Amino acid sequence: MAIIPTDLLDRIRDLERQVRELMGSANTSPPLNQISGGEVVIGDGGRLRVRAAGGEDLLYLGRVEPDRVDGAAQQGLVVRRDDGSLALTVWTGSPDTLPVQPVQILDRRGNVVVADDAAQRGLARPYIPYPLPEPVDTGRWESTGATDWTTLHRGPGIAQHPRLHCHIAAEGASGAQLRLLVDGVQVGPVGTVGAGLVFTEPIAAEFSATVTFEVQAKVQTAGDTVRCRPLALYGVQS
């Protein structure tokens with residue numbers, strides 16, 4: 001029987017031990033698709049890109065296009081729905097004229113429904129109206145004694161929500177009525193004296209379209225009078 005040097009046997013035992021340690025380490029290490037107690041750093045103009053099963057891009061985080069005017073990489077965030085439509089961006093498409101990145105939320109048709117003001121502060125969209133102060137003396141409210149629908153208030157508005165909340169105060173003779181028209185079409189129910197007109201109803205207008213609001217009133221009996229005053233018109237969610 002051949003004589004095996006002792007140092008060679010020792011080396012074989014060391015190799016076996018190292019293999020066992022490596023196998024044990026592999027079994028206890030976290031999988032490569034998880035991060036535990038650490039972080040991922042993407043630098044030097046790199047980005048994280050997430051794709052759907054069909055290959056559509058869902059998310060860019062890091063470098064986005066176009067680059068800055070000086071050639072520097074623009075860093076931002078672009079999120080799409082799985083149908084490909086934009087949903088959320090922290091990004092500017094015109095670095096030359098709008099260097100500050102606005103934060104924008106878009107609906108499925110590509111309309112910007114929420115955005116911050118990239119030039120100064122606060123909101124850019126949606127436009128939020130302030131309630132109009134009303135005369136304390138109801139005798140100064142617009143009035144009519146007509147028995148047919150008569151327009152007492154008229155003004156423009158920008159439709160940015162699917163529904164409209166309306167609050168109009170009214171006082172006068174019993175039986176008098178009031179209503180709200182949007183582009184000549186009545187929206188909501190007919191209001192009465194005392195209760196006024198309060199409702200929240202869908203509005204048939206395209207997003208960001210300019211519409212005309214009209215407040216009309218009429219009395220039941222000739223010789224009577226009805227007065228009304230719009231208190232609030234708000235766009236609200238569906």
Side-chain angles (χ1 to χ4, degrees), residues 1-128 160-163 206-208 234-238:
M1 178 179 179
I3 299 175
I4 301 175
T6 304
D7 60 341
L8 182 58
L9 292 173
D10 291 340
R11 290 180 181 179
I12 292 173
R13 294 190 187 96
D14 288 340
L15 287 172
E16 290 176 342
R17 178 180 54 79
Q18 291 175 13
V19 170
R20 287 194 298 269
E21 290 176 351
L22 287 173
M23 292 178 65
S25 176
N27 291 332
T28 58
S29 298
L32 296 179
N33 61 353
Q34 296 182 10
I35 301 171
S36 300
E39 61 183 21
V40 174
V41 179
I42 301 175
D44 298 328
R47 66 184 175 191
L48 174 65
R49 188 174 185 177
V50 179
R51 285 181 170 177
E56 301 85 359
D57 290 326
L58 292 180
L59 179 145
Y60 286 107
L61 178 59
R63 185 170 186 171
V64 293
E65 296 178 348
D67 290 340
R68 296 290 185 180
V69 176
D70 59 2
Q74 181 184 175
Q75 305 293 323
L77 169 68
V78 177
V79 180
R80 294 182 180 273
R81 300 178 181 87
D82 60 5
D83 62 4
S85 61
L86 280 174
L88 170 67
T89 64
V90 183
W91 162 84
T92 175
S94 304
D96 53 342
T97 59
L98 185 65
V100 178
Q101 295 175 320
V103 178
Q104 298 181 329
I105 299 177
L106 300 90
D107 67 10
R108 287 177 174 80
R109 297 186 178 182
N111 300 306
V112 177
V113 294
V114 178
D116 66 340
D117 192 307
Q120 296 188 30
R121 60 179 175 80
L123 282 175
R125 290 188 178 182
Y127 307 140
I128 300 177
Q160 298 192 72
H161 301 80
R163 294 203 300 168
E206 293 295 324
F207 176 82
S208 203
Y234 279 99
V236 295
Q237 67 185 24
S238 59

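Computed from a prediction, not measured in an experiment: that's the story for all the values here. This chain uses plain numbering: 1 for the first residue, then up along the sequence.
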Query - Arg47 side chain to Arg63 backbone, donor-acceptor under 3.5 Å - result: yes
Report task. Let me see the working for Arg68 and Thr92 under side chain to side chain contact (heavy atoms under 4.5 Å, CB included), right down to the final yes or no. Result -> CA-CA 9 Å; Arg68 296 290 185 180; Thr92 175; 3.8 Å; yes
Report task. Return yes if some donor-acceptor pair links the side-chain N/O of Thr89 with the main-chain N/O of Val78 below 3.5 Å, else return no. Result -> no
Query - Exceeds 12 heavy-atom contacts within 6.0 angstrom, atom CD of Gln120 - result: no
Requested in this report: Determine whether Pro66 and Trp91 make a side-chain contact, defined as any pair of heavy atoms from C-beta on separated by less than 4.5 Å.
Outcome: yes
Report summary line: The reported gap from CG in Leu123 to CZ in Arg121 (rounded to nearest 0.5 angstrom) is 10.5 Å
Query raised in the report: More than 12 foreign heavy atoms under 6.0 Å from CG of Asp96: is that the case here?
Result: yes
Query - Glu65 CD: over 12 foreign heavy atoms closer than 6.0 Å - result: no
Query raised in the report: How close do Phe207 and Val113 get, heavy atom to heavy atom, and via which atoms?
Result: CE1-CG1, 4.0 Å
Query - Approximate separation, where rounding is to 0.5 Å, of Leu106 CG and Arg81 CZ - result: 7.5 Å
Report task. To the nearest 0.5 angstrom, please state how far the CG atom of Asn111 sits from the CZ atom of Arg109. Result -> 8.0 Å
Report summary line: For Arg108 and Ser85 the tightest heavy-atom approach is O-CB, 4.0 Å
Requested in this report: Check the surroundings of atom CZ in Arg17: do more than 12 heavy atoms from other residues, nucleotides or ligands lie under 6.0 Å from it?
Outcome: yes
**Report entry** Atom pair CZ/CD of Arg163 and Gln237 - distance to nearest 0.5 Å
**Finding:** 7.5 Å
Query raised in the report: Between Arg49 and Asp57, is there a salt bridge with N-O shorter than 4.0 Å?
Result: yes
Query - Leu77 side, atom CG; Leu48 side, atom CG - distance, nearest 0.5 Å - result: 10.0 Å
Report summary line: Closest heavy-atom pair, Pro95 versus Gln74, reported as atoms and distance to 0.1 Å, is CG-NE2, 4.3 Å
Query - Any donor-acceptor pair under 3.5 Å from Asp117 side chain to Ala124 backbone - result: no
Query raised in the report: Which heavy-atom pair separates Pro126 from His161 by the least distance, and what is that distance?
Result: CB-CE1, 4.2 Å
Requested in this report: Measure the shortest side-chain to side-chain distance between Leu58 and Val79 over non-hydrogen atoms and say whether it is less than 4.5 angstrom.
Outcome: no
Query raised in the report: Atom CD1 in Ile105, atom CG in Leu88: separation rounded to 0.5 Å?
Result: 6.0 Å
Report summary line: Of all heavy-atom pairs linking Pro102 and Val100, the shortest is CD-O, 3.2 Å
Requested in this report: Show your reasoning for whether side chain to side chain contact (heavy atoms under 4.5 Å, CB included) applies to Gln160 and Arg125.
Outcome: CA-CA 9 Å; Gln160 298 192 72; Arg125 290 188 178 182; 4.3 Å; yes
